[in-house]
Chemist: 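The structure is given below, and queries will be raised subsequently.
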2 protein chains.
Amino acid sequence: MTVSRVLRNRGEVSEKTREKVLKAARELGYVPNKIAGALASNRVNLVGVIIPSLSNMVFPEVMMGISSVLDETPLQPVVGVTGYEPEKEERVIFEMLSWRPSGLIVAGLEHTDAARKMMENASVPVVEIMDVDGDAVDACVGISHQRAGRQTATEILKRGYRRIGFLGTKMPLDHRARKRFEGFQSVLTEAGLGLIDQEYYSGGSALAKGREMTEAILNRNDDLDFLYYSNDMIGAGGLLYCLEKGISVPGDVGLAGFNGVELIDGLPRKLATMDSCRGEIGTKAAQMIVAALEKTKEAAPKRIEISPIFAAGDTVR
Amino acid sequence: MTVSRVLRNRGEVSEKTREKVLKAARELGYVPNKIAGALASNRVNLVGVIIPSLSNMVFPEVMMGISSVLDETPLQPVVGVTGYEPEKEERVIFEMLSWRPSGLIVAGLEHTDAARKMMENASVPVVEIMDVDGDAVDACVGISHQRAGRQTATEILKRGYRRIGFLGTKMPLDHRARKRFEGFQSVLTEAGLGLIDQEYYSGGSALAKGREMTEAILNRNDDLDFLYYSNDMIGAGGLLYCLEKGISVPGDVGLAGFNGVELIDGLPRKLATMDSCRGEIGTKAAQMIVAALEKTKEAAPKRIEISPIFAAGDTVR
DNA sequence: CCGCAAACTGTTAGCGCTATCATAGAGACC
DNA sequence: GGTCTCTATGATAGCGCTAACAGTTTGCGG
């Protein structure tokens with residue numbers, strides 16, 4: 001018991017025994033068994049973070065936001081990856097919850113019924129992130145992708161572009177990309193316009209794919225005056241392609257992407273984009289978990305919408 | 001006990017009771033407590049993966065290799081991030097081990113004495129990855145960065161470049177980058193040459209930094225004929241800068257990076273590089289853990305060196 | 001030198017599971 | 001019916017720790 005007290009810095013132990021214990025622990029190379037500790041104390045200082053992928057820099061950036069907050073606390077993030085598959089997500093959530101974490105941060109608002117039920121019953125704080133267009137299990141932080149799509153479309157129309165093409169990923173289960181697309185398209189429809197053409201990819205180097213898709217869509221349509229890309233990487237590929245081919249940007253054709261990735265700063269021209277505020281979403285989500293665990297007051301807001309702003313860069317007129 | 005048997009698919013249970021149990025579990029939304037299970041069975045199906053950072057795509061790519069193997073087993077990866085700090089690494093290793101994982105995969109061979117001792121005493125398989133230039137605690141998979149640096153230098157000299165500049169990160173604790181640099185430089189020294197100039201950065205958009213650094217180093221030295229970048233991102237920035245300024249590549253100046261990132265495929269010209277084989281390192285490491293746990297035979301090799309090959313691309317003559 | 005509080009250290013039970021062994025029931029066969 | 005085997009289920013202990021409380025020592029005022 002005294003050893004336990006020393007190693008957890010809890011309760012009163014004389015300086016002499018404390019040192020004796022620490023010395024012995026060091027000599028023996030003793031590593032406490034957190035499993036037993038967690039079982040006995042019913043406390044697990046882990047926060048599950050469930051994201052669709054690691055290959056898209058967007059998610060590591062959210063992770064960094066989360067870590068920066070949790071580093072100040074005894075909590076530790078544990079990552080689970082779903083590959084955008086609802087069934088895999090369900091399994092990952094189940095696995096996570098079976099370790100009885102202190103909280104859960106999950107990307108997106110769309111889950112299987114079973115997953116949703118598990119989270120509701122888990123009696124731990126759950127924060128859904130990156131999206132606010134829908135119903136959260138408990139709390140959520142993110143941006144409205146619907147609105148982001150609408151806003152981009154509005155900016156584009158305002159600047160006089162009319163013959164617009166869309167380039168995106170072949171991912172029906174990326175709900176956030178879908179919502180942006182829907183928002184974008186609905187503004188066009190309201191303006192009596194429609195998309196002239198579309199182009200989709202899956203897999204491979206996003207930069208190279210952006211290049212290829214841009215070539216393909218421009219070859220099919222010589223009258224397009226704007227290309228809206230579902231993410232900055234393919235947008236960057238398109239930009240490089242246009243510059244190479246001597247297509248004047250934003251004169252002949254305007255370009256815009258989405259996310260506000262760091263990479264943009266290094267391109268020959270700054271791609272128009274909309275920052276998806278990944279870092280801020282991560283920190284806010286982690287803060288919400290921490291606040292919920294302190295549970296001093298239940299007054300914490302349950303839905304935080306962050307408003308991204310359109311950055312025109314150099315690729316729209 | 002019967003419930004436990006049903007949920008773990010272990011031991012004989014009649015079909016009738018099995019169904020009864022599953023039905024009840026579903027209705028109650030029962031999520032087993034893995035903590036208790038792990039304590040009782042002394043089995044934890046987690047593999048700790050300890051890497052310096054998530055913001056460098058290199059590490060997520062290793063993760064994907066690891067996941068692809070572990071997905072076929074009951075094992076699950078758990079990530080810990082060290083931020084390139086030895087003390088943080090030591091803490092993360094301690095935390096990991098205190099959960100009694102089934103195995104540990106750690107990036108790099110350089111650790112604090114305490115961390116090394118913990119891993120030696122942990123009596124779980126430990127695989128150090130990404131580097132083989134040094135002594136492993138137990139097993140290791142990776143490439144020799146020394147050799148990679150030497151090989152790149154050899155290729156460059158072979159192609160007639162003589163006035164060489166180096167551009168890298170300001171990270172004394174990135175031992176792999178350091179070893180590449182040392183290997184590179186030793187070949188130059190052996191050839192009676194030296195680096196004409198060097199340039200370092202930290203933080204910010206690597207692409208933008210590559211651009212800035214390239215501008216700076218070329219402004220200082222109008223006679224450089226080759227730029228060796230410590231990673232592809234800054235190399236890509238340099239390439240974009242040169243193309244923009246009308247500097248002929250590889251005529252006036254040759255360029256080479258390191259890592260073989262996907263991004264390269266989308267650039268106007270393919271940057272010379274050397275693939276660091278992240279995916280393969282990840283899969284191999286995970287396979288080694290799995291093999292060690294099956295422990296049928298101890299004959300598994302303890303040190304796997306993967307040989308990356310120089311890809312000349314379009315930026316060396 | 002006593003009494004009493006504060007400071008320290010120890011005892012006990014139990015967290016929710018699983019390993020192990022024990023028991024019950026169902027057939028098979030003589 | 002008795003015995004034996006096999007399958008299915010149950011009882012018990014214990015994993016390594018911590019919460020809660022009990023006991024011991026120390027310090028200090030009177």
Side-chain angles (χ1 to χ4, degrees), chain A residues 1-46 48 73-76 78 93-103 118 121-124 293 295, chain B residues 1-46 48 73-76 78 93-103 118 121-124 293 295:
Chain A
M1 205 46 232
T2 298
V3 170
S4 172
R5 274 191 273 258
V6 171
L7 270 59
R8 288 180 301 149
N9 260 318
R10 209 171 290 267
E12 320 217 44
V13 183
S14 75
E15 196 47 42
K16 214 182 69 195
T17 31
R18 144 175 262 96
E19 270 163 24
K20 243 162 64 186
V21 168
L22 288 176
K23 179 156 170 287
R26 223 174 299 119
E27 279 169 6
L28 295 168
Y30 174 74
V31 178
N33 187 328
K34 283 226 173 179
I35 298 178
L39 185 62
S41 66
N42 201 26
R43 266 193 297 266
V44 180
N45 286 329
L46 299 176
T73 74
L75 297 170
Q76 272 212 321
V78 179
I93 290 174
F94 184 80
E95 284 287 319
M96 283 283 182
L97 289 179
S98 70
W99 286 101
R100 302 288 187 273
S102 291
M118 280 191 275
N121 294 338
S123 69
V124 296
L293 292 175
K295 66 172 88 172
Chain B
M1 207 43 236
T2 298
V3 171
S4 173
R5 274 192 272 259
V6 170
L7 294 165
R8 287 181 302 149
N9 261 318
R10 209 173 289 267
E12 320 218 43
V13 183
S14 75
E15 197 45 43
K16 215 182 70 193
T17 31
R18 147 175 258 93
E19 270 163 24
K20 244 162 65 184
V21 168
L22 288 176
K23 180 156 170 287
R26 223 175 299 120
E27 278 169 8
L28 294 168
Y30 173 74
V31 178
N33 187 329
K34 284 225 174 182
I35 298 180
L39 185 61
S41 67
N42 199 26
R43 264 194 296 268
V44 180
N45 287 329
L46 299 175
T73 74
L75 298 169
Q76 274 212 319
V78 179
I93 289 174
F94 184 80
E95 284 286 320
M96 282 285 181
L97 289 179
S98 69
W99 286 102
R100 301 289 187 274
S102 292
M118 279 191 275
N121 295 337
S123 68
V124 297
L293 292 175
K295 64 173 94 172

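Labels below follow one simple rule: chain letters A, B, ... track the order of the sequence lines, proteins then strands, and each chain is numbered from 1.
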Chemist: Over the length of the helix from C:dC1-D:dG30 to C:dC30-D:dG1, how much do the five-pair end axes diverge, rounded to 10 degrees?
Modeler: 50°
Chemist: Check nucleotides 16-19 of chain D against the protein and report each pair of N or O atoms closer than 3.5 Å, with its distance, or say if there are none.
Modeler:
residue	atom	partner	partner atom	Å
D:dG16	N2	A:A36	O	3.2
D:dC17	OP1	A:Y30	OH	2.5
D:dC17	OP1	A:N33	N	3.1
D:dT18	OP1	A:R8	NE	3.2
D:dT18	OP2	A:S4	OG	2.1
D:dA19	OP1	A:R43	NH2	2.4
D:dA19	OP2	A:R8	NH1	3.0

Chemist: Once you round it to whole Å, what is the distance between C1' of C:dT9 and CZ of A:R18?
Modeler: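 About 14 Å, once rounded to whole Å.
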Chemist: Compare all side-chain heavy atoms of A:V13 with those of A:T2 and state whether any distance is below 4.5 angstrom.
Modeler: yes
Chemist: In sequence, state the C-alpha distance, the side-chain angles, and the governing distance for B:K34 and A:E95, and then conclude on salt bridge (charged side-chain N to carboxylate O under 4.0 Å, His left out).
Modeler: CA-CA 9 Å; B:K34 284 225 174 182; A:E95 284 287 319; 2.9 Å; yes
Chemist: Only counting residues at least two apart or in another chain, list the ones meeting side-chain hydrogen bond (donor to acceptor under 3.5 Å, both in side chains) with B:S98.
Modeler: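 B:S98 satisfies side-chain hydrogen bond (donor to acceptor under 3.5 Å, both in side chains) with no other residue.
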Chemist: Round to the nearest Å and state the distance from A:K16 atom NZ to D:dT25 atom P.
Modeler: 13 Å
Chemist: Using OP1 and OP2 only, check whether a side-chain N or O of B:S14 sits under 4.0 Å from D:dT7.
Modeler: no
Chemist: Report the distance from atom CD of A:E19 to atom CZ of A:R26, rounding to the nearest 0.5 Å.
Modeler: 9.0 Å
Chemist: Give a yes or no on this: more than 12 heavy atoms of other residues, nucleotides or ligands lie within 6.0 Å of atom CG of A:N121.
Modeler: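 Result for CG/A:N121: enclosed.
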Chemist: For the pair made of CG in A:L7 and P in C:dT9, what is the distance, rounded to whole Å?
Modeler: 14 Å
Chemist: Using side-chain heavy atoms (C-beta onward) and a distance below 4.5 Å, is A:N45 in contact with A:Q76?
Modeler: no
